[in-house]
Amino acid sequence: MSAEPLPMAGEAPADPAALEEMKAEVRGLAADRGAVILAHNYQVPEVQDVADFVGDSLALSQKAAKVDEPVIAFCGVHFMAETASILAPDKTVLLPDHDAGCSLADSITPEQLADWQSRHPGAITVMYVNTTAAIKALTDYCCTSSNAKAVVEHVIAEHGPDVEILFGPDMFLGAYVQKTTGHANMRIWDGECHVHAGIRPSDITEVRAEYPGAEFLIHPECGCVTSVMEYVAAGDVDAENVQMLSTGGMMKYAEMAEADQKGRQVIVATETGMLYPLSQAAPDVEFIPANREASCRYMKMITLEKLRDSLRDMTGEVKVAPELAERARLPIERMVSITA
Ligand code: 13P
Ligand code: SF4
């Protein structure tokens with residue numbers, strides 16, 4: 001594995017002075033428009049730098065539900081901006097590029113979900129937040145990677161140990177949650193995120209050989225989750241050195257690692273944008289991507305320039321139709337209230 005810096009996509013000016021000027025322009029526009037800038041951990045560095053708040057899906061939803069400002073400039077992907085609009089219907093939510101979609105959200109349609117539910121009457125539907133508003137409107141509980149296990153445990157506590165659960169659309173997260181909750185009566189949709197699914201067991205084998213003794217941070221959407229759990233079960237990897245975490249959980253781990261001991265090596269299995277906030281939070285820890293190619297082209301569609309244009313022209317509004325938003329709100333509110 002080469003030690004070259006990871007490519008950071010974007011259309012930000014290459015000249016550092018011009019870049020700082022554009023960042024100042026964006027901050028000025030945000031103040032003029034009464035906008036709060038929310039950014040996901042996978043956003044390009046210069047977008048994270050101008051954001052008021054950077055976080056994971058759950059934290060961004062919680063933040064969106066509480067903002068005072070009239071405008072939310074959302075730097076993430078479409079389903080996240082929709083979720084913000086559903087939770088904050090009186091705010092103007094801007095998404096600087098509407099093509100910023102999600103392959104995981106695209107892996108289930110409302111027709112497919114309705115058909116699945118019709119074949120399992122009485123089952124409780126738990127959907128990962130990476131879904132469209134139309135899917136959420138058919139869902140009982142949403143969850144994110146940081147609270148998926150807690151949501152499923154909540155459903156079991158509320159509906160009894162035999163409750164049938166339809167979990168989707170991410171099959172790797174579903175398998176992880178089923179394994180950690182031990183809930184057998186759970187059916188899992190076979191969707192995946194092309195970026196995380198592409199982080200394979202072979203990547204882990206290679207990176208482990210190169211960095212023996214390194215710790216692991218693994219996003220539960222990854223295609224390597226099952227094999228890492230098998231390494232742990234076989235005693236091949238020390239369980240204490242492996243954490244399955246949301247991107248927000250990884251940030252907390254990084255802060256703890258920085259405070260605890262310098263010079264640690266930590267292998268990170270998730271989208272490579274994560275390396276930037278982790279290194280900011282823990283400059284003395286060496287973070288190593290499990291797969292350097294794991295970059296989400298949708299997340300990288302949001303650039304500083306597009307954010308500037310969106311704030312300047314007040315373009316790119318995402319608005320969920322009120323009737324649909326009404327139905328989608330309940331499962332999202334349940335998600336927001338259940339923390340791990
Ligand atoms: P979290 O930020 O919730 O961990 O989700 C990762 C992701 O893939 C979002 O697209
Ligand atoms: Fe969707 Fe995967 Fe990109 Fe996240 S990383 S936005 S799940 S395609």
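Counting starts at 1 for both ligands and their atoms, following the listed order. Because the structure is a prediction, the values reported are computed rather than measured.
- Counting heavy atoms only, Cys102 comes closest to atom 1 (Fe) of ligand 2 of the residues Gly273, Pro169, Cys102.
- Ligand 1 places these atoms under 4.0 Å from at least one heavy atom of Glu221: 7 (C), 8 (O).
- Residue contacts with ligand 1 include Asn130, since one of its heavy atoms falls under 4.0 Å from the ligand.
- The distance from ligand 2 to the heavy atoms of Asn130 drops below 4.0 Å at these ligand atoms: 7 (S).
- For Gln48 and Gln43, the side-chain atoms include no donor-acceptor pair closer than 3.5 Å.
- Summarising the geometry, atom CE belonging to Met229 is positioned 5.5 Å from atom NZ belonging to Lys179; distances are rounded to the nearest 0.5 Å.
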(request) Just do the side-chain contact (heavy atoms from CB on, under 4.5 Å) check on Phe167 and Leu173 with the steps written out, would you? (result) CA-CA 9 Å; Phe167 188 98; Leu173 179 67; 3.8 Å; yes
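- Within the 4.5 Å cutoff, no side-chain heavy atoms of Phe216 are placed close to those of Gln243.
- At under 3.5 Å, not a single nitrogen or oxygen of Ser246, backbone or side chain, sits near a nitrogen or oxygen of ligand 1.
- Listed by number with element, the atoms of ligand 1 under 4.0 Å from a non-hydrogen atom of Asp56 are 1 (P), 2 (O), 3 (O).
- Short contacts between ligand 2 and Ser103, defined as distances under 4.0 Å to a heavy atom of the residue, involve ligand atoms 8 (S).
- Among all non-hydrogen protein atoms, the one lying nearest atom 4 (O) of ligand 1 is His219 NE2, 2.7 Å.
- Each of the following atoms of ligand 2 lies closer than 4.0 Å to a heavy atom of Glu221: 7 (S).
- Nearest protein neighbour of atom 3 (Fe) of ligand 2, counting heavy atoms only, is Cys296 SG, 2.4 Å.
- Backbone and side-chain nitrogen or oxygen atoms of Ser57 are examined, and one is located within less than 3.5 angstrom of a nitrogen or oxygen of ligand 1.
- Near Ser145, with a cut-off below 4.0 Å to any heavy atom, the atoms of ligand 1 are 1 (P), 3 (O), 4 (O).
- Note: His154 and Tyr141 meet the aromatic proximity criterion, with ring centroids under 6.0 Å apart.
- With ligand atoms numbered from 1 in the order given, ligand 2 contributes 8 (S) to contacts under 4.0 Å with heavy atoms of His194.
- The closest approach between a heavy atom of Met80 and any atom of ligand 1 is below 4.0 Å.
- Between His196 and ligand 1, no pair of N/O atoms sits closer than 3.5 Å.
- Taking a 4.0 Å cut-off on heavy atoms, Tyr128 registers as neighbouring ligand 1.
- A heavy-atom separation below 4.0 Å is found between His40 and ligand 1.
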(request) Given side-chain contact (heavy atoms from CB on, under 4.5 Å), test Val152 with Gln178 step by step and report yes or no. (result) CA-CA 9 Å; Val152 166; Gln178 184 166 36; over 6 Å; no
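- Here the protein heavy atom with the shortest distance to atom 7 (C) of ligand 1 is Tyr42 CE1, 3.5 Å.
- Results of the side chain to side chain donor-acceptor pair (under 3.5 Å) test with Tyr42 over Thr270, Thr272, Thr247 single out Thr270 as the only residue that passes.
- With respect to Glu271 and Arg297, no salt bridge is recorded, no charged nitrogen being found less than 4.0 Å from a carboxylate O.
- Under a 4.0 angstrom heavy-atom cut-off, Ser146 registers as lying outside contact with ligand 1.
- A cation-pi contact, defined as under 6.0 Å to the ring centre and within 45° of the axis, is absent between Arg264 and Phe287.
- Every atom of ligand 2 with a heavy atom of Cys193 under 4.0 Å away is listed here by number and element: 2 (Fe), 5 (S), 7 (S), 8 (S).
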(request) Quick one: do Ile267 and Glu215 satisfy side-chain contact (heavy atoms from CB on, under 4.5 Å)? Show the steps, please. (result) CA-CA 6 Å; Ile267 296 164; Glu215 297 153 65; over 6 Å; no
(request) Starting from the C-alpha separation in whole Å, work towards a yes-or-no answer on side-chain contact (heavy atoms from CB on, under 4.5 Å) for Leu217 and Tyr253. (result) CA-CA 9 Å; Leu217 299 184; Tyr253 189 88; 3.4 Å; yes
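- A 4.5 Å side-chain heavy-atom check between Ile37 and Arg27 finds at least one atom pair inside the cut-off.
- Looking at Tyr176 and Met244, their side chains come closer than 4.5 Å, going by heavy atoms from C-beta outward.
- Taking only nitrogen or oxygen atoms, main chain and side chain alike, Thr144 does not reach within less than 3.5 Å of ligand 1.
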